[in-house]
Number of protein chains: 2
Amino acid sequence: MTRSEENYLKIIFHLGGSDSTPITTNAIAEQMETKPSSVTDMAKKLAEKNLVKYKRYQGVSLTEQGTKTALSIIRKHRLWEVFLVKKLDFSWDEVHEVAEQLEHIKSEKLIDKIDELLEFPKFDPHGDPIPSKDGKFMVRDKQLLSEMSIGSKGVCVGVKDSSAPFLKFLDKNKIALGHTIQVLEIEDFDHSLRIAMEGRELRISHQIASNLYVKKNE
Amino acid sequence: MTRSEENYLKIIFHLGGSDSTPITTNAIAEQMETKPSSVTDMAKKLAEKNLVKYKRYQGVSLTEQGTKTALSIIRKHRLWEVFLVKKLDFSWDEVHEVAEQLEHIKSEKLIDKIDELLEFPKFDPHGDPIPSKDGKFMVRDKQLLSEMSIGSKGVCVGVKDSSAPFLKFLDKNKIALGHTIQVLEIEDFDHSLRIAMEGRELRISHQIASNLYVKKNE
DNA sequence: ATTAAAATTTAGACAAATCTAAAAATAGGT
DNA sequence: ACCTATTTTTAGATTTGTCTAAATTTTAAT
């Protein structure tokens with residue numbers, strides 16, 4: 001399994017899809033920052049190895065084996081992210097790039113020991129679930145802050161956009177996972193929100209709200 | 001800097017050499033487990049980048065920049081080895097292979113933080129010195145156990161051969177770094193040694209003794 | 001100094017992963 | 001159903017790191 005193959009599988013997994021709604025060549029090319037023709041080549045190669053199903057002009061979907069492989073890479077990525085934050089004091093906006101490299105290290109013992117050292121975390125620093133060794137992961141009952149109704153309360157549990165600029169913005173505004181949130185008001189004009197968070201009150205644009213996941217109180 | 005280039009530099013460094021006694025193509029090929037013709041190609045490439053000096057048929061030697069790069073990779077390798085042993089309970093015979101992968105991770109912050117987490121170790125699990133960020137490392141006044149005279153005492157501080165079989169042998173015989181050693185007797189016939197170590201007495205072949213480094217008392 | 005053996009380099013090929021440009025297939029609008 | 005725009009694939013080229021086989025240079029022995 002080459003690094004490139006692993007990256008393709010990971011991205012195909014993240015793009016979702018299924019046997020009935022396969023992922024398009026173009027979508028993969030865009031995520032991989034490569035050309036569609038390169039994707040076609042790789043699709044053939046992965047199909048050859050039984051990691052994806054591929055029909056000319058019809059796109060790609062992961063096989064069971066492909067899904068398993070993708071999940072193991074995602075598991076490694078997210079565990080390394082937790083490691084970097086918890087053990088090496090990285091901030092959550094710095095971890096992705098390094099984890100992209102670390103996720104390709106081949107050693108089952110290594111990642112199991114990292115898991116153990118971290119006491120088997122279930123979520124990464126951005127609130128995304130960490131698959132277990134056998135590919136299972138928690139699906140949290142969460143919703144976007146932008147979809148909550150006035151008055152409802154919840155706990156901030158994840159980000160949809162985990163780009164550095166967004167994460168830095170959240171840091172600057174002291175918005176962090178685990179914080180409680182209550183929607184006080186939603187502006188009709190621009191859909192911005194007034195929220196209460198950990199005692200403070202702040203105003204948040206719709207764009208921000210639609211990238212923050214909240215777990216509602218029962 | 002590609003992974004392959006890094007591996008070549010590391011191996012050239014380990015082979016020693018200098019401007020006056022450059023490393024031969026064959027020696028590098030053997031260490032890299034590749035063919036001499038491939039080494040020639042890479043030598044040209046590294047010379048192009050000013051990482052080695054290379055004259056046709058005369059072998060290669062590291063430039064200052066090449067040495068610096070090699071040391072930074074060796075630093076990473078050895079720090080990761082310490083990490084694996086101290087933080088993840090790997091045994092000293094398991095770390096090399098994984099460190100070979102981890103040493104290529106590109107993040108200055110990562111390795112500095114690992115260094116800090118480990119409290120700036122000066123030696124790796126095999127007793128080899130860890131270069132500092134600026135490429136300096138301790139040179140310990142050590143000698144091979146096989147070169148010690150009868151009666152002399154010392155502390156076991158390193159291994160010359162760090163292959164898994166040798167290290168496992170040492171484990172099995174409870175020979176570890178930090179243990180005190182006194183040479184009791186040297187057999188004329190096969191140069192095997194009778195030694196006292198941590199209260200016990202044991203017999204050691206010449207081959208073992210010539211792969212164990214000892215630091216003499218005063 | 002010559003010559004055979006060993007080491008090294010060159011030339012040409014290959015696999016992996018990518019690209020560009022052109023061709024083929026599909027999808028959407030009428 | 002047809003035509004056009006878009007998507008996707010093919011064909012052929014490129015780069016990196018490797019290889020084999022042949023040619024060249026060095027070395028060491030006489």
Side-chain angles (χ1 to χ4, degrees), chain A residues 1-13 15-62 66 69-70 73 100-101 103-104 106, chain B residues 1-13 15-62 66 69-70 73 100-101 103-104 106:
Chain A
M1 175 102 316
T2 68
R3 180 170 295 226
S4 188
E5 286 170 348
E6 292 187 347
N7 284 331
Y8 272 95
L9 291 179
K10 189 181 56 168
I11 274 169
I12 294 166
F13 182 90
L15 286 170
S18 66
D19 282 6
S20 47
T21 57
I23 306 299
T24 66
T25 302
N26 263 7
I28 298 169
E30 194 177 326
Q31 287 299 307
M32 286 288 294
E33 297 182 62
T34 185
K35 301 292 166 182
S37 55
S38 309
V39 176
T40 301
D41 289 345
M42 185 55 85
K44 287 175 183 169
K45 196 174 159 197
L46 293 174
E48 195 63 42
K49 295 191 177 190
N50 264 301
L51 295 163
V52 302
K53 273 181 222 167
Y54 168 63
K55 279 241 177 66
R56 277 156 88 254
Y57 296 101
Q58 303 306 308
V60 163
S61 61
L62 293 173
T69 308
I73 297 154
E100 287 279 299
Q101 299 180 61
E103 72 189 6
H104 299 292
K106 281 166 184 57
Chain B
M1 175 103 317
T2 68
R3 180 171 295 226
S4 188
E5 286 170 348
E6 291 186 348
N7 283 331
Y8 272 95
L9 290 178
K10 188 180 56 166
I11 274 169
I12 295 165
F13 181 90
L15 286 169
S18 65
D19 282 5
S20 47
T21 57
I23 306 299
T24 66
T25 302
N26 263 7
I28 298 169
E30 196 178 323
Q31 288 299 309
M32 286 289 295
E33 298 182 60
T34 184
K35 301 292 167 184
S37 54
S38 308
V39 176
T40 302
D41 289 344
M42 184 56 85
K44 287 175 183 168
K45 195 174 159 196
L46 293 174
E48 195 63 42
K49 295 192 178 190
N50 264 302
L51 294 163
V52 302
K53 273 181 222 168
Y54 169 63
K55 277 244 177 64
R56 276 156 88 253
Y57 296 101
Q58 302 306 307
V60 302
S61 60
L62 292 173
T69 308
I73 296 154
E100 287 279 298
Q101 298 180 61
E103 72 190 5
H104 299 294
K106 282 167 184 56

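Below, chain A is the first sequence line, B the second, and so on; all start at residue 1.
Between B/Met42 atom CE and B/Ile11 atom CD1 the span is 11.0 Å, to the nearest 0.5 Å. Summarising the geometry, atom CG belonging to A/Leu15 is positioned 11.5 Å from atom NZ belonging to A/Lys10; distances are rounded to the nearest 0.5 Å. Note that CD of A/Gln31 and CG of A/Asn7 are 12.0 Å apart. Values are rounded to the nearest 0.5 Å.
For the pair A/Asn26 and D/dT8, the criterion of a side-chain N or O lying under 4.0 Å from OP1 or OP2 is met. Here A/Lys44 reaches the OP1 or OP2 of D/dT10: one of its side-chain N or O atoms lies under 4.0 Å away. Between A/Ser38 and the phosphate of C/dC19, there is a side-chain N or O to OP1/OP2 separation shorter than 4.0 Å. Between B/Ser37 and D/dT18, a side-chain N or O to OP1/OP2 separation shorter than 4.0 Å is absent. Residue A/Thr2 places none of its side-chain N or O atoms closer than 4.0 Å to OP1 or OP2 of C/dA16. Using a 4.0 Å cut-off, no side-chain N or O of B/Arg56 falls inside it from OP1 or OP2 of D/dT26. For C/dA16, neither phosphate oxygen OP1 nor OP2 lies less than 4.0 angstrom from any side-chain nitrogen or oxygen of A/Ser4.
In this structure, the NZ atom of A/Lys55 is 18 Å from the C1' atom of D/dT7, given to the nearest Å. Atom CG of B/Asn7 and atom C1' of D/dT18 are 14 Å apart (whole Å). To the nearest angstrom, C1' of D/dT14 lies 13 Å from CG of A/Asp41. As a whole-Å value, the separation of A/Ile23 CD1 from D/dT7 C1' is 15 Å. Nucleotide D/dT18 holds its P atom 12 Å from the CZ atom of B/Arg3, rounded to whole Å. What separates OH of A/Tyr54 from P of D/dT10 is a distance of 6 Å, to the nearest Å. Between the NZ atom of A/Lys35 and the P atom of C/dA21 there is a distance of 10 Å, given to the nearest Å. As a whole-Å value, the separation of A/Tyr57 OH from C/dA25 P is 5 Å.
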Assess whether salt bridge (Lys or Arg N to Asp or Glu O under 4.0 Å) is satisfied between A/Arg3 and A/Glu100, documenting all intermediate values. CA-CA 10 Å; A/Arg3 180 170 295 226; A/Glu100 287 279 299; over 6 Å; no
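Annotation: of the two residues near DNA chain C, A/Gln58 and A/Met42, the 5′-most nearest-nucleotide partner is A/Met42.
No donor-acceptor contact under 3.5 Å links the side chain of B/Thr25 to the base of C/dT9. Donor-acceptor pairing under 3.5 Å, judged by distance alone, is absent between the side chain of A/Thr40 and the base of D/dT10.
Between C/dT18, C/dT10, C/dT26, one nucleotide has an atom nearer to the side chain of A/Tyr8 than all others, and that is C/dT18. If you check D/dT8, C/dT26, C/dT9 against the side chain of A/Thr24, the one that comes closest is D/dT8.
Environment of NZ in B/Lys49: crowded, with over 12 heavy atoms of neighbouring residues, nucleotides or ligands closer than 6.0 Å.
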